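Only a predicted model underlies this, so the values are computations on that prediction, with no experimental measurement involved. All chains are named by letter (A, B, ...) in the order of the sequence lines, taking the proteins before the strands, and each is independently numbered beginning at 1.
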Amino acid sequence: MAFPKNLSPDGKRLPDLPIDPEQIEKGSSLWQDAWARLRKNKLALFSFWTLIVIAALCFAGPVFTPYSYVEQDLERTLQGPSWQHWFGTDDLGRDQLTRVLVGGRVSLTVGIIATCVSLLIGVTYGAAAAYAGGKAEAVMMRSVDILYAMPFTIFVILLMTIFERSLLLLFIAIGAVEWLTMARIVHGQVKSLKEQEFIEAAVSLGYGTRRILFRHLIPNVLGVVTVYATLTVPSVMLLESFLSFLGLGVQPPQPSWGSLIKLGADNIQLYPHLLVIPAFFFSLTLFCLNFLGDGLRDALDPKSSKD
Amino acid sequence: MPPLLEVRDLTTYFHTRNGVVRAVDGVSFSLNRGETLGIVGESGSGKSVTCYSMLGLIPMPPGRIEKGSAVFDGATDLLDCPPKVLQSIRGKRISMIFQDPMTSLNPYLRVSTQIMEPLFLHEKGIGKKEALERAIQSLREVGITEPERRVHFYPHEFSGGMRQRVMIAMAMITHPELLIADEPSTALDVTVQAQILELIKERQRANNSAVILITHDLGVVAGMCDRINVMYAGKIVESGTADDIFKRAAHPYTIALKRSIPSLGTKGKPLYTIPGMPPDLSQLIPGDAFALRKGIRSGGKYDHTPPPMVQVSDTHWVRDSDCELPSLEEVLDEC
Amino acid sequence: MFRFIFNRILQSVVVIFIVVTITFFMVRLAPGDPFSSERRIPDYIQQRILEHYGLDRPAVEQYWRYLQGAAPKRFRPDKLFTEDPLLNAFGIDLGPSYTSARTVNQIIAETFPVSFELGAWALLIAILFGVSAGMTASVFRNTALDYVPMSVAMAGICLPTFVMGPILALIFGVWLGWFNVSGWFVPADRVLPAVTLGLVYAAVIARITRGGMLEILSQDFIRTAQAKGVPYGKIIFKHTLRGGLLPVVTYMGPALAGVISGSFVVETIFQIPGLGRQFVQSAFNRDYFLVLGTVSVYAVLITLANLTVDIVQVILNPRLRFED
């Protein structure tokens, strides 16, 4: 074993380490274990592959459909599914299949990018607060608490109505809401890890700050962050679709699942397929993302698993 | 008169995803009224599971009592009786106190509510006033000052030692014939440990109850128990009176446990530790489990057959073993 | 305890103040004003309009005047059920609406009761269904009674209000014809919107309840209760429920905020004359005072809910009572 002898320099026996730091450094074993556990979870695995299929369809599919998502055919508006238009056409005679796929592309892209934005801000902020400690930490986390109490959806709606709507603004608005939870989680995680015995043990063994940070703290936080990132994507997509439903998100002619559902909702009396198809894809995606997130949580953090 | 409790061949397995854990594997013993029995072993040796099995406190699934009987007072088999009957015995005729007093009391309920609960459950028709008086009396008996006021406290307003006193008061309020104490002093400060053990002894005498004391610390049972069972890997390896165990220990595991008790007069000398770890009970062990322990030398006599229990004297039984303990020097070299 | 409540009330006032301030400057600093966007009007008329509403003054002065009007000045409970309760009972004047002949006070007085009723039904449905489903699932863990409600709950979480609403309207309104697809006239009109709004939160509450109950059921003191001979039902209701429902209580704050934003969608889908639809429309129309008024109402509502949640938590959890 490369692990230093369990003896201090003056030859006295040190207490046993609760967790062998070597074990933690082998980051791969954590991920291998997690993957093995995830593979046993059939629902999570099914969700994973379904998501891959949906993403592939949305990103590659529109290339193969014979229509573009803006191409109007005012003589064939609001048609039901047919061989020419598998999912029918919308109120401007555009091919609904293409629009559902492109809409999915938009929703997924927004979901992933806005999650990355919130991840970046949240992780940095939370880790910085936990690492700073003392007064700075208290002030930083207290302001998160106060921001948490704000009716954020309302601000986002205001932001989107008042300023010129663009995808960039959408990312900013959504990222601003979602980073709070991530900051809280990372803060809590880093803080508890900081106090845990194996970090103390690493400190007492004279490991440097950077080594502790990169070898011990980050690999341990990474699991939790992965889980919550997976769970943030659906909540971002929800917010985006919510805004698009109100006409405040992605702007026409660009479709998104939210605006497609809105169109369907406006026409349920006569053309229910306009509602059912995008709603199905949207819900299926959320479903899979949530199950995958749950599965990842069980896989990466067996202690928090429910049974 | 039959013994108060007669356990025969108790076997409890846990059927987990990673295989069958044979936590308790064919344990038999008996206990007379007013007697104190110590069950000693490392964590994971099955000493707690033995007692939890008898009271139906094993989470099922994954736990399952495979076979055996535990006849209480010559009449009721605790392992095979209607749940209603078991419920009427639990907390009334058999009480239990647990290791961690910080988590064993319900933090959301007042102490009074919790102490009176066994009375309302088992002594039908008892009035609120009388129950409260009994609760206060019971707290006074375990040495809690100002019980009239403190009975209305919440658990978090007591210290660890005080909470364990509350647990004892709650367990003894129905004057049970048997008290099972699962590591009652382990989680407490050393100074409080002795007080709690003394208190259990004192309450036992006052009620003439029998006590089963579960502990990993051979030192704790020394002054308290009439008889001692030493458990290893789900089986009893040695059983006898306190004298048998402390003066004539025969099983190498018992001897190792004894040698690892720190005592006065050994200052400056290195302390003996038992090398290795207890075996993984999810693997089927056909022979002597102790022989599998790292650092233990065995002649291979019981590699494939279970070692039998051998009677040493009227009171003293030991599981046969050809294992040999490493010397102190070898143990120190290992570290 | 009283200091704690006092502190929390103070904190709530600060939060409301911050929300109003942020909203004010957000709408004020935005490019354009309610009269410049729509049709062209001669400059001198535009000037007169701006002067009439005080919009030509510096932003800080406008802000100060708005706060003066919006601050509560009295409390007359007997006047709560008059035509303009905000003004008559509290002395609050939220200013005029640019797009309507009525004042913001009047619009809120008209629309708030509708949204309040909708939200109350929705929360009732959410708590009733959520808690009972979550408890059932935790008590019968790893049986069909656990898997079925929890799978339904998971599906519920993935069907947000703007999907659930149109689908429920399609099934029960269009296909089965049991309810009207839109409107807020007869009692039956409450069913679809309230269910739509409540179901998502019922699903979340079910999951939280299950988690909370299982957490408590795994505690040592449950084993103590078992060892005392406490029957199973009593273990659940007397020993577990209190602690198990604490996370649900905590969730009520976010749940209310969610119900509010859900009401924007539900009121749009079912065309309900409530505050939510008013808010979205006013934001689109840049009706500053109406936006500010509705946001203020929401801010008060949410902080009140958070305050109540904190107090209930302290009542339920004796350990919190002595910490300050």
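- Between C/Leu159 and A/Leu286 the shortest side-chain heavy-atom distance does not fall below 4.5 Å.
- For a residue to count as touching a neighbouring chain, one of its non-hydrogen atoms must lie under 4.5 Å from one of that chain's; by this rule C/Ile302 touches chain A with the side chain only.
- C/Ala155 and A/Phe287 make their closest contact through CA-CE1, 3.4 Å (heavy atoms, listed as atom of the first residue, atom of the second, distance).
- C/Met154 places a side-chain heavy atom less than 4.5 Å from the side chain of A/Phe291.
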What verdict does the side chain to side chain contact (heavy atoms under 4.5 Å, CB included) test give for C/Leu170 and A/Val276, after you've listed the backbone C-alpha separation in whole Å, the side-chain angles of each residue and the deciding distance to 0.1 Å? CA-CA 10 Å; C/Leu170 179 65; A/Val276 173; 4.0 Å; yes
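- If you measure heavy-atom distances from C/Val14 to chain A, you find no contacts under 4.5 Å at all.
- Note that CZ of C/Phe162 is 5.0 Å distant from CG of A/Leu238, once rounded to the nearest 0.5 Å.
- Listed options A/Thr153, A/Leu159, A/Ile154, A/Ile261 were ranked by heavy-atom pairs under 4.5 angstrom with chain C; first place goes to A/Ile154.
- Note that OG of C/Ser261 is 10.0 Å distant from CG of A/Leu243, once rounded to the nearest 0.5 Å.
- Using a 4.5 Å cut-off between heavy atoms, A/Ser241 touches chain C through backbone and side chain atoms alike.
- Only the side chain of A/Ile157 comes within less than 4.5 Å of a heavy atom of chain C; its backbone N, CA, C and O stay farther away.
- Contact annotation: the side chain of A/Lys262 approaches that of C/Thr268 to within less than 4.5 Å [non-hydrogen atoms, C-beta and beyond].
- Contact annotation: the side chain of A/Phe282 never approaches that of C/Cys158 to less than 4.5 Å [non-hydrogen atoms, C-beta and beyond].
- Of the two parts of A/Ser283, the backbone and the side chain both hold a non-hydrogen atom closer than 4.5 Å to a non-hydrogen atom of chain C.
- Neither the backbone nor the side chain of C/Glu215 comes within contact range of chain A, judged by heavy atoms closer than 4.5 Å.
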Step-by-step side chain to side chain contact (heavy atoms under 4.5 Å, CB included) determination, A/Leu158 to C/Phe279: CA-CA 10 Å; A/Leu158 285 180; C/Phe279 166 69; 4.2 Å; yes
Side chain to side chain contact (heavy atoms under 4.5 Å, CB included) evaluation trace for A/Asp294 with C/Arg207: CA-CA 12 Å; A/Asp294 269 11; C/Arg207 281 166 65 90; 3.0 Å; yes
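- For the set C/Thr303, C/Val280, C/Thr294, C/Ile22, the count of heavy-atom pairs under 4.5 angstrom toward chain A peaks at C/Ile22.
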What verdict does the side chain to side chain contact (heavy atoms under 4.5 Å, CB included) test give for A/Phe155 and C/Val19, after you've listed the backbone C-alpha separation in whole Å, the side-chain angles of each residue and the deciding distance to 0.1 Å? CA-CA 9 Å; A/Phe155 286 158; C/Val19 171; 4.0 Å; yes
